Protein chains: 2
Amino acid sequence: MNLARTTSTTKGKECEAVPSDGKPGAVGVDPEQLWLRPTEPRRGRRPSFSREAITAAAVTLADAEGLEVVTMRRVAAEVGAGVMSLYSYAPDKETLLELMVDHVSGELTVTDPPSGDWRADLKTVAHLQRAHMLRHPWLPAALTTRRVPGPNTLAFLEHVLAVLRPTGLDGAAKLEVFAQLTAFVAGHVGHEIAQAAVSRSPDRAAAEGRYLAAVAADGSHPELAEALSAPGRPLTPEATFTRFLNRLIDGLDTD
Amino acid sequence: MNLARTTSTTKGKECEAVPSDGKPGAVGVDPEQLWLRPTEPRRGRRPSFSREAITAAAVTLADAEGLEVVTMRRVAAEVGAGVMSLYSYAPDKETLLELMVDHVSGELTVTDPPSGDWRADLKTVAHLQRAHMLRHPWLPAALTTRRVPGPNTLAFLEHVLAVLRPTGLDGAAKLEVFAQLTAFVAGHVGHEIAQAAVSRSPDRAAAEGRYLAAVAADGSHPELAEALSAPGRPLTPEATFTRFLNRLIDGLDTD
DNA sequence: CTCTATTCTCGTACGTCGTACGAGAATAGA
DNA sequence: TCTATTCTCGTACGACGTACGAGAATAGAG
């Protein structure tokens with residue numbers, strides 16, 4: 001089997017299997033169409049670009065200026081292609097996003113074999129994920145939609161499963177641990193990034209402080225008033241993350 | 001002080017304090033402008049609609065058809081207003097979203113006082129939040145952006161802080177527990193919803209199964225192959241949630 | 001009452017988005 | 001050389017968020 005890591009062509013027309021009803025839990029991209037495409041088509045005009053290059057450009061853009069500037073027009077301009085040319089490499093924008101997520105997951109490659117202490121290994125994995133998401137701040141938001149694991153994500157998953165081997169958990173449980181851990185890290189980092197953004201804007205931070213102070217001052221929120229008046233020493237995001245992560249993982253057992 | 005729970009007017013023009021630079025961590029709505037507006041303006045034409053009604057319509061829409069159908073045009077149509085009339089009640093769409101989030105948080109009102117067993121209380125709170133998010137499946141996605149707590153959110157926060165009183169944690173730590181717990185629940189439910197959406201589409205579920213089977217079959221992912229071949233008994237989302245939640249909360253201590 | 005300042009309503013219009021369509025360019029095998 | 005195939009991309013469409021400003025409704029002043 002070949003996981004289509006290399007350039008491969010995906011004509012937009014071909015991907016009409018899933019009608020995508022637009023309901024709350026609308027379902028996204030067909031994984032077989034996306035990741036299992038053979039690299040055969042060696043006829044017709046030779047491609048001028050590559051899925052890799054396009055995806056990389058989109059990632060660079062998102063890293064530098066945020067997910068919202070990743071538009072088909074902008075990505076095309078960055079790559080030097082016509083807008084509609086992108087659709088030869090990804091059937092739609094959602095798929096491009098999926099490609100971006102898996103693309104950056106390539107950075108998560110771990111070479112060290114599991115140490116045998118699966119709790120410690122899991123913590124390392126989580127810290128890796130956190131650093132990864134901080135490097136690509138658009139990731140937590142992009143992960144709220146369901147993603148089909150691409151080759152890079154699968155490689156990482158493979159590593160986590162190996163880490164979990166000593167637990168003796170069954171397959172479904174191991175996969176669940178992976179999903180929950182990722183969701184936990186994404187949730188934390190998403191919050192961490194938003195918090196940092198507020199702090200970076202002094203006007204905004206001040207406005208928020210004044211607002212909360214006003215709320216606390218009117219007597220209807222005594223617990224909040226006390227919490228704000230006795231803040232304790234400020235907590236670094238790193239420390240908070242480690243704290244909660246340790247709680248979560250140390251609590252896991254293998255029953 | 002009055003938290004503007006009732007109808008209040010917010011002319012779009014007035015909210016130009018924060019330029020909103022569009023950077024990755026762009027900062028949203030001014031809380032003082034949004035939640036602390038006095039209800040004075042008793043002159044000029046009387047409003048034909050209300051912030052409440054508009055927000056409620058938007059929520060109903062999101063619940064029924066998903067966040068992506070919540071457009072200014074659609075909401076206006078639902079309410080029977082002209083599109084631009086909405087801008088008399090919320091300065092922009094992002095603010096409307098913020099209003100929606102706080103609106104549904106009104107359902108989270110808890111009347112029972114804390115029992116004294118803060119771990120049990122916290123678990124109850126988390127289950128409440130999960131049920132809440134399942135009722136409004138757009139919430140996990142909407143919560144990835146930073147929100148300024150509105151009156152309903154503050155009421156709920158107040159309750160959680162009361163629950164945490166016996167822990168003796170300092171203010172910052174309590175607030176952190178609240179944020180982390182919410183992020184955890186949002187992460188879990190987001191995943192749960194997406195998973196359910198895939199399962200609801202048999203074609204899609206089958207395609208995904210075939211894809212993973214193909215990946216597992218080629219030998220390069222032995223751990224995945226084994227996990228898929230020895231799945232164990234299927235886990236209900238409810239059980240998984242409870243499991244991880246208990247790990248997290250039982251691990252919390254008051255040092 | 002009339003006048004005026006204020007507030008809300010909403011039709012029109014602009015720029016941007018994702019992307020359907022299809023004409024043309026490039027290439028591989030017959 | 002011809003033909004089938006594949007890629008490129010200009011044009012165009014409908015939907016989006018929302019700026020603008022003309023008109024309608026209302027409250028207080030005279």
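For clarity, every value in this text was computed on a predicted model and none was experimentally measured.
- The shortest distance between side-chain heavy atoms of L139(A) and H136(A) falls below 4.5 Å.
- D63(A) and W138(A) are linked by a side-chain donor-acceptor pair at a separation below 3.5 angstrom, with hydrogens and angles left out of the test.
- If you measure from atom CE of M72(A) to atom P of dG15(C), you get 23 Å, rounded to the nearest angstrom.
- In this structure, the CD atom of E94(B) is 9 Å from the P atom of dT18(D), given to the nearest Å.
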Grab the N/O contacts between the protein and nucleotides 28-30 of chain C below 3.5 Å, and write none if there aren't any.
none

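- Rounding to whole angstrom units, CD of residue E68(B) and P of dG17(D) are separated by 12 Å.
- No side-chain donor from either of Q180(B) and T240(A) sits under 3.5 Å from a side-chain acceptor of the other.
- Remark: DNA chain D forms stems of 3 or more consecutive Watson-Crick or G-U wobble pairs, all pair distances under 3.5 Å, at C:1-7 with D:24-30, C:9-23 with D:8-22, C:25-30 with D:1-6.
- Taking atom CZ on R45(A) and atom C1' on dA4(D), their separation rounds to 16 Å, with Å as the unit.
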(message) Between E98(A) and D102(A), is the side-chain contact (heavy atoms from CB on, under 4.5 Å) condition met? List the steps.
(response) CA-CA 6 Å; E98(A) 203 127 351; D102(A) 192 70; over 6 Å; no
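- Distances shorter than 4.0 Å separate some side-chain N or O of Y89(B) from OP1 or OP2 on dT9(C).
- When rounded to the nearest whole Å, the span between CG of L86(B) and C1' of dG11(C) equals 14 Å.
- Between H188(B) and F241(B), the two ring planes are tilted [angle within 30° to 60°].
- Atoms CZ (F49(A)) and C1' (dT8(D)) sit 8 Å apart, rounded to a whole Å.
- An OP1 or OP2 oxygen of dC17(C) is reached within less than 4.0 angstrom by a side-chain nitrogen or oxygen of T71(A).
- Going from atom NZ of K93(A) over to atom P of dG18(C) covers 4 Å, rounded to whole Å.
- A close approach under 4.0 Å does occur between a side-chain nitrogen or oxygen of S88(B) and OP1 or OP2 of dT9(C).
- Residue-level contact check: A76(B) touches neither bases nor backbone, having no heavy atom under 4.0 Å from any strand.
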(request) In sequence, state the C-alpha distance, the side-chain angles, and the governing distance for L34(B) and L99(B), and then conclude on side-chain contact (heavy atoms from CB on, under 4.5 Å). (result) CA-CA 9 Å; L34(B) 181 56; L99(B) 291 170; 4.1 Å; yes
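- In this structure, CG of D92(B) is placed 14 Å from C1' of dC16(D), rounded to the nearest angstrom.
- Comparing R74(B) and M84(A) against DNA chain D, the residue whose closest nucleotide sits nearer the 5' end is M84(A).
- Q129(A) has its side chain within reach of L181(A): a pair of non-hydrogen atoms, C-beta onward, lies under 4.5 Å apart.
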Kindly list each side-chain donor-acceptor pair under 3.5 angstrom involving residues 78-85 of chain A, sequence neighbours excluded, with atom names and distances?
{"residue": "E78(A)", "atom": "OE1", "partner": "R74(A)", "partner atom": "NE", "Å": "3.4"}

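- In this structure, the nucleotide among dG18(C), dT9(C), dG17(D) sitting nearest to the side chain of R73(B) is dG17(D).
- For the residue pair D92(A)/T95(A), the side-chain donor-acceptor check at 3.5 Å is satisfied.
- The closest side-chain donor-acceptor pair between S220(A) and D218(A) falls under 3.5 angstrom.
- Here S85(B) does not reach the OP1 or OP2 of dC8(C): none of its side-chain N or O atoms lies under 4.0 Å away.
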